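Here the structure is a predicted model, which means the values were calculated and not measured.
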Amino acid sequence: VYAGVARELVARVKYRGAHAVTAWLATEMAVIAPLPLPEIVTWAPTTAARRRERGFDHAQLLAHQVSRLLARPARSLLTRSDGCPQTGLPAAERRVGPRLVAHTYVPAAVLVIDDVTTTGATLAAAAVALRSAGATRVVALTAARTPPPGWIPPT
């Protein structure tokens, strides 16, 4: 759940460049990777502006670590059109999702990595783009999921 310690860890990678945390998150993600393992690992890319601002793409860092642990290649298969980031948007606007386009060659089975799932719109956009380019199986793996409204953490 994207709350408490998990939220802090993801934020440290995403906003403060704490790349050492990426290895731990990737290890935890690799443990729960869906079987059978897809042929290739890719990521939901951030916007070009965010990549320039931060100097890196946090989902790409996670994807490369996860791919190494799963012994699968990591490749950039998606391009994100310019547009506003999903962060901070109300849920209704998030559900529209970003515009993602798949590259020309996409293998049949793809694992998409992202840091946080809020509405699922980014992952859905990734799946649509990858399937339109030939993927027949697209699975997603994230470090955390935003809890639903009204969620109360267990005590």
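- Under a hydrophobic clustering in which Ile, Leu, Val, Met, Phe, Trp and Tyr are joined whenever their side-chain heavy atoms come within less than 4.5 Å, directly or via other members, W43 and V112 fall into different clusters.
- Hydrophobic clustering, with ILVMFWY side chains joined whenever heavy atoms are under 4.5 angstrom apart, keeps I32 apart from V138.
- Here A124 pairs with nothing under the side chain to side chain contact (heavy atoms under 4.5 Å, CB included) rule; sequence neighbours left out.
- No chain of hydrophobic side-chain contacts below 4.5 Å, direct or via other Ile, Leu, Val, Met, Phe, Trp or Tyr residues, connects L37 to L69.
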* To do: Report the C-alpha separation of E39 and R137 in whole Å, then their side-chain angles, then the decisive distance to 0.1 Å, and conclude whether the salt bridge (Lys or Arg N to Asp or Glu O under 4.0 Å) test is met.
  => CA-CA 10 Å; E39 300 167 54; R137 180 173 174 249; over 6 Å; no

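- At a threshold of 4.5 Å between non-hydrogen side-chain atoms, the residues P45 and L100 count as touching.
- There is a path of hydrophobic side-chain contacts, each under 4.5 Å, that joins V41 to L62.
- Under the rule for a ring pair (Phe, Tyr, Trp, His ring centres under 6.0 Å), the partners of H19 that lie at least two apart in sequence or sit in another chain are F56.
- Contact annotation: the side chain of S67 never approaches that of L111 to less than 4.5 Å [non-hydrogen atoms, C-beta and beyond].
- A salt bridge (Lys or Arg N to Asp or Glu O under 4.0 Å) check over residues 60-78, counting only residues at least two apart or in different chains, returns nothing.
- To the nearest 0.5 angstrom, T22 atom OG1 is 10.0 Å from M29 atom CE.
- With rounding to the nearest 0.5 Å, the separation of NE2 in H103 from OG1 in T79 is 3.0 Å.
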